[in-house]
Each structure stands twice: as C-alpha cells, then as structure tokens.
Amino acid sequence: MKELQIGKNDAGQRLDRFLSKAVPLLPASLAQKYIRLKRIKCNGARVQRDSRLQEGDTLQLYINDEFFDTPRAENAYLTVSAPRLHIVYEDENLLLVDKKPGVAVHPHDGAEYGKTLIDHIQAYLYAKKEWQPRAENAFTPALCNRIDRNTGGIVIAAKNAEALRILNQKIRDREIDKRYVCIVHGTPRPRRGELRGYIFKDAVKNRVYVTDKPQKGSKTAVTRYETLRTQNGLSLVECELVTGRTHQIRAMFAHIGCPLLGDGKYGKLDRQSGRTYQALYSYQLTFRFTTDAGLLSYLNGRRFQVENVDFVQEYFPD
C-alpha cells in the first residue's frame with residue numbers, strides 16, 4: 001500500500017484525473033475498478049472517481065508496486081487493462097496468437113507503447129499471474145517471430161526462457177514450417193514453382209528491391225508457391241518461405257508482375273477493393289523437429305492453422 005498526500009497544487013482535481021497524472025501506468029478502466037473495489041481510498045474511506053480532492057487529503061492506494069514505476073517501453077504492458085488477443089493455441093510454455101493486420105508486434109514498428117502485440121501478450125500473462133516481473137531477474141515473455149504490421153498471421157510467444165531458447169533455435173534451423181496465403185494480381189507462371197532472386201534492403205525507405213543477379217549487399221531469396229485458385233483476374237496463392245527476407249513475398253511477386261492485392265508499397269492500392277493493406281496472411285504453422293526439442297518435444301508434428309482469413313472468404317468464398 002502506498003499513500004499520496006494532496007498538496008495545494010493538487011487540490012480541486014477529480015480523483016480519476018489526479019490518478020492519471022500521479023500513476024500514469026494505471027489504466028483508467030483499472031483505476032475505476034480499484035475505486036469500486038475500495039482498493040483506492042481517501043482518508044481511509046470509500047471515494048468516488050469524480051470526487052474533488054482537498055488539500056490535506058491522504059489517498060491510500062492498494063495496488064501493485066509495478067504501477068508506481070516510471071513509464072518506459074519495458075512496462076508498457078501495465079497500461080493494458082483488457083488484453084485483446086486471438087489465441088490459436090496455448091500451453092504452459094508458449095502462446096500461438098493470430099495477429100490481425102494493422103497491429104504492430106513491437107513498439108519500434110511505430111506503434112504507441114501499450115498498443116503492440118507484445119504489450120497485450122505480457123499484460124495477458126501478468127493478469128493470469130503466469131508472469132511476475134518483480135520475481136524475475138531478466139526474463140520477460142517474448143516473441144519468437146515477427147510479422148509486418150499490415151500482414152496478419154500466427155506469431156509465437158514464449159512464456160519461459162527455456163521455451164524461448166528452443167523456439168529461436170528451431171526457427172534458425174528451419175524446423176518450424178510456416179505457410180502463407182496471399183492474393184495476387186494475374187496468374188503466376190508456372191502455376192506452381194519456386195521464385196529465386198536477390199534482395200537488397202533500403203533501410204531508409206523501408207523497402208527492398210529484387211534483382212535476378214546478385215548485387216553488392218544483396219541476399220539470396222527463395223519462395224516456393226502454389227496457385228490454388230484463379231478468378232476475376234486474381235489468384236489465391238500459398239507460399240513457403242525457404243529464406244526469410246524482409247517483405248520477401250510482396251517484393252518477389254511484384255518482381256514477376258503479380259503484385260499482391262492491396263499492396264501500396266510494391267504494387268498499387270486497388271481503390272475499387274477498398275483494401276488498405278496487402279492480402280497476405282501467415283495462416284499455418286507446423287512443428288517439424290528433426291533434432292532434440294527438450295521440453296517442447298510434445299509439439300513435434302503438430303499443425304496449427306487460422307481457419308478464417310478475411311480476404312480469402314471475401315474474394316474466394318467456398
């Protein structure tokens with residue numbers, strides 16, 4: 001429990017507005033809940049959120065110490081009072097989350113603190129008491145893979161350090177198979193095959209360029225694909241990333257003249273469709289361990305899939 005003394009400069013404010021300044025990590029909805037549960041009192045008595053504070057009042061705050069920390073990237077999860085997650089699978093070691101397009105995975109993707117996928121995952125585990133940050137020396141729940149902000153799909157989050165170590169190694173060793181589905185303009189030729197090229201990343205413009213021959217600073221890129229259906233000038237394509245380069249699928253299909261539907265960076269926005277982001281989804285994940293997976297061995301051979309991808313239902317309904 002912490003006590004806050006109301007001085008002359010704080011007098012006259014509503015309780016809820018004072019709390020938003022004095023305890024900025026405490027979400028407004030959670031503050032209201034704590035007031036209702038009498039975990040926030042004034043002069044030892046129950047108080048309303050719109051009560052006006054008086055000079056000399058003493059607030060008693062029965063809330064976790066974490067909320068009194070200085071706001072920073074590492075504790076942004078505290079600002080999330082109602083985590084919004086689409087969970088595909090969960091056990092004691094990991095979470096598989098279906099990230100929706102428009103959601104950034106990390107703050108450095110340009111999103112506000114408290115608005116990213118990792119913030120919501122950490123807030124979820126904190127609320128479940130599966131993660132107690134003050135009891136940990138260094139570990140925080142972390143993402144093992146990432147997806148572009150405007151691409152949707154399955155993201156893996158590790159709940160403990162051992163799971164994080166194993167999953168990162170399995171991703172490096174390509175023992176986790178990830179499949180994407182996308183809609184492209186036109187029809188790839190052949191309908192099933194492999195795209196090979198060289199990708200150069202321009203970090204300033206946050207885009208990549210594909211060439212048929214190696215260039216200084218470029219990296220090999222390989223994408224396997226299969227055209228599933230074609231109609232109305234569009235094709236539904238399943239992709240497998242053999243290499244994992246930035247914007248690989250988007251850039252490589254644009255390079256062969258089949259840009260993704262709605263991709264304003266590598267193709268063009270389709271004003272008629274009204275899409276504001278590319279039709280690309282990491283919809284399926286399979287664990288294919290060929291070496292020891294330790295405490296995650298039980299996952300070997302298991303496949304997880306997002307059953308309903310919005311643009312597939314819209315453009316290629318069953």
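Salt-bridge check for Glu92 with Lys159: failed, with every basic side-chain N at 4.0 Å or more from each acidic carboxylate O. Salt-bridge check for Lys265 with Asp263: failed, with every basic side-chain N at 4.0 Å or more from each acidic carboxylate O. A salt bridge does not link Lys178 with Glu240: none of the charged nitrogens is closer than 4.0 Å to a carboxylate oxygen. In summary, Glu66 and Arg134 engage in a salt bridge, as defined by a charged side-chain N under 4.0 Å from a carboxylate O.
Ser297 and Asn300 share no donor-acceptor pair across their side chains, judged by distance under 3.5 Å alone. In this model, a donor atom of one side chain and an acceptor atom of the other lie less than 3.5 Å apart for Tyr281 and Asp98. No donor-acceptor contact under 3.5 angstrom links the side chains of Gln248 and Tyr180, judged on distance only. Asp91 and Tyr298 share a donor-acceptor pair across their side chains, judged by distance under 3.5 Å alone. Side chain to side chain, Glu3 and Thr58 fail the donor-acceptor criterion of an N or O pair below 3.5 Å. Side-chain atoms of Asp148 and Tyr277 form no donor-acceptor pair, as typed in the model, at a separation below 3.5 Å. Looking at Thr291 and Glu175, their side chains do bring a donor and an acceptor atom within 3.5 Å of each other. No hydrogens or angles considered: a donor-acceptor pair under 3.5 Å links the side chains of Tyr283 and Glu238.
Side-chain atoms of Asn206 never come within 3.5 Å of backbone atoms of Ala203 as a donor-acceptor pair (strictly under, hydrogens ignored). Panel note: side chain Gln278, backbone Gly264; no donor-acceptor pair is recorded below 3.5 Å. With Arg245 contributing its side chain and Thr220 its backbone, the two residues share a donor-acceptor pair below 3.5 Å. Between the side chain of Thr211 and the main chain of Pro214, no donor-acceptor pair closer than 3.5 Å is present. Under the 3.5 Å distance criterion, the side-chain polar atoms of Arg250 are left unmatched by any main-chain donor or acceptor of Leu260. Side-chain atoms of Asp202 come within 3.5 Å of backbone atoms of Val204 as a donor-acceptor pair (strictly under, hydrogens ignored). A donor-acceptor pair is defined here as one N or O able to donate and one able to accept, closer than 3.5 Å; no such pair exists between the side chain of Asn43 and the backbone of Ala45. With hydrogens and angles disregarded, a donor-acceptor distance shorter than 3.5 Å links the side chain of Arg52 to the backbone of Gly12.
Below 30°, between 30° and 60°, or above 60°: for Phe287 and Phe304 the angle between ring planes is above 60°, a perpendicular geometry.
Note that Lys170 lies in the cation-pi zone of Phe289, set by a 6.0 Å cut-off to the ring centre and a 45° limit from the axis.
Screening residues 17-32 for side chain to side chain donor-acceptor pair (under 3.5 Å), with sequence neighbours left out, gives Gln13-Lys21, Ser29-Ser81.
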*Go through Glu55 and Lys8 one step at a time and tell me if the salt bridge (charged side-chain N to carboxylate O under 4.0 Å, His left out) criterion holds.*
CA-CA 5 Å; Glu55 184 178 358; Lys8 181 179 180 180; over 6 Å; no
